[in-house]
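Have a look at the structure below, then the notes.
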2 protein chains.
Amino acid sequence: MFSQSEENYLKAIFHLQGETDDGVSTSSISTHLNTKAASVTEAVKRLAEKKLVDYQKYYGVQLTETGKEHALAVVRKHRLWESFLVDRLNFNWDEVHEVAEQLEHIKSIKLVEELDKFLGRPAYDPHGDPIPDAKGNMPEIPRKKLSQLQKGDRGTCKGFNDASSSFLKYLAKQQIGLGTAVEVVNIEKFDESMTVRIADEEVQLSKTATDNIYVDP
Amino acid sequence: MFSQSEENYLKAIFHLQGETDDGVSTSSISTHLNTKAASVTEAVKRLAEKKLVDYQKYYGVQLTETGKEHALAVVRKHRLWESFLVDRLNFNWDEVHEVAEQLEHIKSIKLVEELDKFLGRPAYDPHGDPIPDAKGNMPEIPRKKLSQLQKGDRGTCKGFNDASSSFLKYLAKQQIGLGTAVEVVNIEKFDESMTVRIADEEVQLSKTATDNIYVDP
DNA sequence: TTATATTTTTAGGTAAAACTAACTATTTAT
DNA sequence: ATAAATAGTTAGTTTTACCTAAAAATATAA
Ligand SMILES: [Mn+2]
Ligand SMILES: [Mn+2]
Ligand SMILES: [Mn+2]
Ligand SMILES: [Mn+2]
């Protein structure tokens, strides 16, 4: 149906689209996928041709309904496979993302359905991200970036951006995991770094780090 | 490391090489992979460049030691995934081959090792084919094509060529499976079709069918 | 042993997916 | 409002992987 490259673009656009409803820029896609903006322009033209995105020159792209459906199907597979690797094959949560990047492109509706059943229809992946069901629905969990909290705020870790294994290893070292309670002790003005209390221990977290930690306030 | 296309060529050459030690023809590869001979010529040049095959113009290709190792790694993955699909995900043996054709290209040594462990290190896949171990060793099971038996010979089914789902469905309908005892009742001269006895029932099998059934005489 | 048939390779194309360099449109700052 | 900076597109290449048609080599048959 669609190529791996096309699926990667759809997924990237889906993630970058977030809440806002204005177009996703080619440069943000190129950063996300480690390609060059010129390559993205070509790619989105092909996607527009196939009615997977709406594309307006110089004003970015947006997924069509079909495009979004397919992106969600890929996200579903990615998160199910990550769950499989951690829950059944003894992988650590910090070493599954790369493999899931490959597995998410396997084409077989039956495989996804049976895998989901086999895993007991998990609602969240190992990084706390919700797993869409076969129809593309997923629980809207209220969560913020840790970086959005103010001094004095408390919250519980609900998810982490799993794109980098080194980040997840770093979290493990800091004793931060799903469900960990955090309290913002201080925020440095000049670099937005944060001091947080985790079970009586105080740790320093960079803005880069707090941007990739999701909390339920 | 190697592309899906390259891996498919290596696997095809491995299967076509069989016992004989003369070169595999480009046309046989093209038939096997549903491509054109011209495409194969180009592909084997690339493989020869990478020292995965020895190629002599007009005289076919042979896998190098490295090429064979990699082919066996792909075969190992293919058969492990088929086992996973049948043993754990409720797939039928006749619907796993196509999916395994995709899964065999996933690159992760840990994944293969953990999958193997998870499945209890199976020795055979659902079609009776031996699964190579991590080093590429697999049991040399003595087996012949059913088509090689003579009138009056008996044997036990030890494997089936799983490339076509329709063939496996046909076998199921004829009540032929792994371990089934067969006796050659008659062979027609003109089309080499065979009459075999299976548990008191007599069935007619075409040469195409008997070429794809392996037996232990 | 020559002629014919078959197989294989070469030559020339196409399409996807990437790249760099150059150009153009939009945004921002003066 | 204009100029400079930034972002985005176009043009021209490259590599992989396929194709068809034509040419060349090998195999076979008279
Ligand atoms: Mn992931
Ligand atoms: Mn994840
Ligand atoms: Mn198979
Ligand atoms: Mn098999």
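Hydrogens, waters and symmetry mates play no part in the numbers below; they use all other heavy atoms, side chains included. Quantities reported herein were computed from a predicted structural model and do not represent experimental measurements. Order of the sequence lines fixes the chain letters, A, B, ..., with proteins taken first and strands second; residue numbering starts at 1 for each chain.
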Euclidean distance, atom CG of residue A/L10 to atom P of C/dA17 [Å, nearest integer]: 11 Å

Could you tell me whether the side chain of B/F14 reaches within less than 4.5 Å of the side chain of B/K68, counting heavy atoms only? yes

What are the residues of residues 16-32 of chain B, sorted by number, that bring a heavy atom to within less than 4.0 Å of DNA chain D? none

Inter- and intrachain pairs under salt bridge (Lys or Arg N to Asp or Glu O under 4.0 Å), touching residues 43-54 of chain A, at least two apart: A/E6-A/K50

Would you tell me whether A/N8 and A/H105 have side-chain atoms, one donor and one acceptor, within less than 3.5 Å of each other? yes

Protein-nucleotides 23-29 of chain C N/O pairs under 3.5 Å:
{"residue": "C/dA25", "atom": "O4'", "partner": "A/Y58", "partner atom": "OH", "Å": "3.2"}

Is A/K45 near enough to D/dT9 that one of its side-chain N or O atoms lies under 4.0 angstrom from OP1 or OP2? no

For the backbone of A/Q150 and the side chain of A/D153, can you confirm whether one donor and one acceptor N or O come within less than 3.5 Å of each other? yes

Counting only pairs under 3.5 Å, give me each side-chain donor-acceptor contact of residues 29-38 of chain B, with atom names and distances, residues two or more places apart or in other chains.
{"residue": "B/S30", "atom": "OG", "partner": "B/S27", "partner atom": "O", "Å": "2.8"}
{"residue": "B/T31", "atom": "OG1", "partner": "B/S27", "partner atom": "O", "Å": "2.9"}

Aromatic centroids of A/Y170 and A/F160 separated by under 6.0 Å: no

State which residue, out of B/D94, B/L205, B/I176, B/N212, fulfils the side-chain contact (heavy atoms from CB on, under 4.5 Å) condition with B/L171. B/I176

Does a donor on one side chain and an acceptor on the other come within less than 3.5 Å for A/Q204 and A/T195? yes

N/O contacts under 3.5 Å, protein versus nucleotides 16-20 of chain D?
{"residue": "D/dA17", "atom": "OP1", "partner": "B/S3", "partner atom": "OG", "Å": "2.5"}
{"residue": "D/dA17", "atom": "OP2", "partner": "B/R46", "partner atom": "NE", "Å": "3.2"}
{"residue": "D/dA17", "atom": "OP2", "partner": "B/R46", "partner atom": "NH2", "Å": "3.3"}
{"residue": "D/dC18", "atom": "OP2", "partner": "B/S5", "partner atom": "OG", "Å": "3.2"}
{"residue": "D/dC18", "atom": "OP2", "partner": "B/Y9", "partner atom": "OH", "Å": "3.4"}
{"residue": "D/dC18", "atom": "N4", "partner": "B/E42", "partner atom": "OE1", "Å": "2.9"}
{"residue": "D/dC18", "atom": "N4", "partner": "B/E42", "partner atom": "OE2", "Å": "2.9"}
{"residue": "D/dC19", "atom": "OP2", "partner": "B/K36", "partner atom": "N", "Å": "3.0"}
{"residue": "D/dC19", "atom": "OP2", "partner": "B/S39", "partner atom": "OG", "Å": "2.5"}
{"residue": "D/dC19", "atom": "N4", "partner": "B/E42", "partner atom": "OE1", "Å": "3.3"}
{"residue": "D/dT20", "atom": "OP2", "partner": "B/K36", "partner atom": "NZ", "Å": "3.2"}

What's the spacing between A/R76 CZ and A/M138 CE if we round to 0.5 Å? 11.5 Å

Gap separating the OG atom of B/S108 from the NZ atom of B/K77, nearest 0.5 angstrom: 8.5 Å

Would you call A/E104 and A/K11 a salt bridge, taking side-chain N to carboxylate O under 4.0 Å as the test? yes

Between P on C/dA17 and CG on A/L47, what's the gap in Å once rounded to a whole number? 9 Å

Check the side chains of B/S166 and B/S164 for a donor-acceptor pair under 3.5 angstrom, ignoring hydrogens and angles. yes

With ring centroids as reference points, do B/H127 and B/H97 lie under 6.0 angstrom apart? no

Sorted by number, residues from residues 98-105 of chain B placing a heavy atom under 4.0 Å from DNA chain D are none

